[in-house]
Amino acid sequence: MLRIALFALTIFVSAFLLFQVQPMVSKAILPWFGGGPAVWTAAMLFFQCALFGGYLYAHGLASLRSVRQQAIIHIVLLASAAWLAQAVIPDPALRLQGEQSPVPQILWILTLCVGLPYFCLASTGPLLQHWFARAGVADSVYRLFALSNLGSLIALLSFPYLFEPWFELPVMGRGWTWGFWVFAVACAIVAWTQARAAEAQPPVTSPSHAAAVATPPAPVSRVSQWRDIAAWVLLPALASMLFIATTDQASHNIAPEPRLWILTLSIYLLSFIVSFDHSRWYRPGLVATFTLVAVLFVAGRHAIPEWFGLHWGYGATELRYLFSLMLFLVCLLCHGELYRRRPADPSRLTGYYLWMSFGGACGGLFVALVATHAFNDFHEWPIGLAAAAALSVLVIDRQWRARRQVASDAPANSSLRMHPARWIAVAVCTSLAFWWDSPIRGRATSVPGAVEATLDQARNFYGVVAVVERRFPAEPARDHRVFYSGQVTHGIQPLSPELMQKPVSYYNPDSGIGRALQYLNARQDKVDVAITGLGAGTVALYARPTDRYDFFEINPEAERIARNWFTFLGDSKAQKLQVLIGDARLTFAQLPENQRYDMILLAAFSGGSVPVHLLTREAFTAYAAHLKPDGFLVVNITNAYLNLYPVVKRQAETLGLEARSRFQESDPKRFIRENHYMILTRDAEFLRTHPSVDRPIRDAQGRVIGTAQTDIPGVGLWTDNFSSITPLEWR
């Protein structure tokens, strides 16, 4: 009994540490690489590949005949990993310098800081389960895998709610190191006791295990073996790919915030726990049916209401729940099928886990490397939905044929062929799942009377940017081009000569940035302006021949599109206009101390996501260091899902700046998009003449009956070590 408890405790602690370090290290490096969701995707690629490496090591070690050799080798590995586990929080000196590719740099940083300790932790589950099965101390080892995933889930959930709010990252790093030393000692004891037990007696200690040895499983044909291996790879690959793609979708449309990452990863692990605890939890026909419905609903969440003439809106909470439910069902289907295909022969156990981890790594590799370079949009998302729909139909059909077989009293080894009509069902469901949520269909939203064309589109580490042109044959004055980041409009330029050089969209003269720039232009003859986020470059139209405008843009594709397809930068009258490629926060830190600006505009968004690392105390301190005493810090807080007003207000209070809010409603006829700005300054005249304009509340007839309450009491100050979007969701 004591031996079982030691096995269980060691596996649980290893899994806890394995998944505690993932959000901790990812959050530490998030500000170094632009704060985008691709940081998490690259980190997940490393963790999945390291997991595969650990499983490969466990498989190779288990193939050694001598348990004593296995134990000695593993104890040496544990000692080496414990020595290297002293500095898991990366040193800032490792951050991106110059224009290196971010993905190799992220992989290198993670390898240096957590590579060997993570590898060691990853090997623990399959290796200890192999020893567990060899010792014959229980009838089933698969519950240990469920226990491992339970430890991982607890680690993920405890990070944002137990550790993150109360401890700084360095403190959490030291705590993780101490935990690893405890694990290393426990695992070394398990390894040594296994070696001693193997020397003292044969590895058969229970009647059930003895019976299994006496009557080994029937030999498996080579075809069946390869069929099993294909399932062990493809099923976890689909679950992994859709897990990462779903995380990308949520991050790009809401915020690249660790809690969203933890939510989707927790769902992914929960499906493992349910599937591998016991076969009674997975009902193939029922799960496949619900999965098909969920996938088609998520894929058609915009198209289905259009069929019925409905107008549904999705807030952050609704999107999160919808994506989470779909992801759980798909992962439960994949992992339930994976558990159904588990090997009966214990000697194939480590191979089973090895191929499973290889499949998971392939899913991560596909999203992080293949999709980023092969696709010009997030096509892996509809591909994953389509594959999940196809798998659901195939499982439903298999269950239906099995019932037919039982009802017809057919021999157990006979099979009913799949009817052609059901192959048609597979094709239809797969096509709908792909087309309904295709990025091409989603971006080019039909505008009545418009002829639309995508002029340019590109994808890289930082996301997807595109240019769509809309021509109105009946109303040429409405012709315009739109700059998209993801699915979100980031700039508009009318094509008519009389409107082409006028700022519109979020930057028109009545917007918060328009009012502030016009005030500055009237106050002084020369203005120095810094803008984080280039977009189409609309703000450059406010510049005069004496002014200096510096744009800070992390995505080089954005500058290419702004210069090739829009005229704002070329038409600007600024004496000096430059686009500085690189993360705005890091670039600010490299500016000369005497470089001061009259205005700093924060408008750096990737899709609809919030640049969390640009809204923390440390970031605002850097801005303030380069802002003139009577300067303006203007923040674009326009967001369909989150209310960022309290976040910026807390930063203003910390810096001793007064804040003004300016909300502007949309006016499509004048190409004006709904926008909301926070203007922070000490300029008494501006504060006196520009009162806040808040979001109006209207009745059923459209009359204004009040203004929305934008402040939220109790929202804490965002820092690099703490930020939470949970209280900021629009209700």
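In this structure, SG in Cys113 is found 8.5 Å from CD1 in Ile89, a value given to the nearest 0.5 Å. Taking OG1 of Thr124 as the reference point, atom CD1 of Ile11 lies at 8.0 Å (rounded to 0.5 Å). Residue Cys331 holds its SG atom at 8.0 Å from CD1 of Ile267, rounded to the nearest 0.5 Å. Note that the CD atom of Gln20 and the CG atom of Leu121 stand 12.0 Å from one another [nearest 0.5 Å]. The structure places CZ of Arg650 at 9.0 Å from CG of Leu717, a figure rounded to the nearest 0.5 Å. A distance of 14.0 Å separates OG in Ser123 from NE2 in His59, rounded to the nearest 0.5 Å.
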Would Thr111 and Leu116 count as a side chain to side chain contact (heavy atoms under 4.5 Å, CB included) if you check the C-alpha gap in whole Å, the side-chain angles of each, and the deciding distance to 0.1 Å? CA-CA 7 Å; Thr111 301; Leu116 188 60; over 6 Å; no
Could you walk me through whether Arg342 and Tyr352 satisfy the side chain to side chain contact (heavy atoms under 4.5 Å, CB included) test, starting with their C-alpha distance in whole Å, then the side-chain angles of each, then the deciding distance to 0.1 Å, before giving a yes or no? CA-CA 7 Å; Arg342 65 195 183 277; Tyr352 173 64; 3.9 Å; yes
Stepwise side chain to side chain contact (heavy atoms under 4.5 Å, CB included) check, Val370 with Leu365: CA-CA 7 Å; Val370 177; Leu365 282 166; 5.7 Å; no
Leu77 and Tyr57: CA distance, side-chain angles, deciding distance, side chain to side chain contact (heavy atoms under 4.5 Å, CB included) verdict: CA-CA 11 Å; Leu77 178 70; Tyr57 160 79; 3.6 Å; yes
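Contact record, Leu332 with Ser271: N-CB, 3.7 Å, taken as the closest heavy-atom pair. Contact between Ala42 and Leu107 at its shortest, heavy atoms only, is O-CD2, 3.7 Å. The two residues Pro90 and Val25 have their closest heavy-atom pair at CG-CG1, 4.1 Å. Between Ala619 and Leu615, the shortest heavy-atom distance links the atoms CB-N, 4.3 Å. Across Leu18 and Tyr118, no two heavy atoms sit closer than the pair O-CE1, 3.4 Å. Across all their heavy atoms, Trp181 and Ala82 have their closest contact at NE1-O, 3.0 Å.
Remark: Ile75 pairs with Ala188, Ala191, Trp192 by the side chain to side chain contact (heavy atoms under 4.5 Å, CB included) rule, at least two apart or across chains.
In this structure, the side chains of Leu45 and Val367 stay at 4.5 Å or more apart for every pair of heavy atoms. For the pair Val88/Pro117, no side-chain contact is recorded, criterion being any heavy-atom separation below 4.5 Å from C-beta on. Residues Ile73 and Leu64 meet the side-chain proximity criterion, which asks for heavy atoms closer than 4.5 Å. A heavy-atom distance below 4.5 Å is not found between the side chains of Gln86 and Arg174. Within the 4.5 Å cutoff, no side-chain heavy atoms of Leu333 are placed close to those of Pro284. Taking 4.5 Å as the limit, every side-chain heavy atom of Ser266 sits out of range of all side-chain heavy atoms of Phe19. Counting heavy atoms from C-beta on, the side chains of Val114 and Phe46 come closer than 4.5 Å. Residues Phe159 and Met172 meet the side-chain proximity criterion, which asks for heavy atoms closer than 4.5 Å.
With ring centers used as reference points, Phe52 lies 6.0 Å or more from Tyr55. Ring centroids of Tyr282 and Tyr339 are separated by 6.0 Å or more, keeping the two rings apart. Between His335 and Tyr268, the distance from one ring center to the other falls under 6.0 angstrom.
No more than 12 heavy atoms of other residues, nucleotides or ligands lie within 6.0 Å of CH2 in Trp108, so this atom counts as exposed by the packing criterion. Residue Arg283 qualifies as open at atom CZ: its count of foreign heavy atoms under 6.0 Å is 12 or below.
Side-chain atoms of Thr246 and Thr264 form no donor-acceptor pair, as typed in the model, at a separation below 3.5 Å. Residues Ser240 and Gln48 have side chains that bring a donor and an acceptor to within less than 3.5 angstrom of each other.
In this structure, Phe12 and Phe16 have parallel ring planes: the angle between them is below the 30° cut-off, well short of the 60° mark.
The main-chain N or O of Tyr353 is never found under 3.5 Å from a side-chain atom of Trp232 such that the two would form a donor-acceptor pair.
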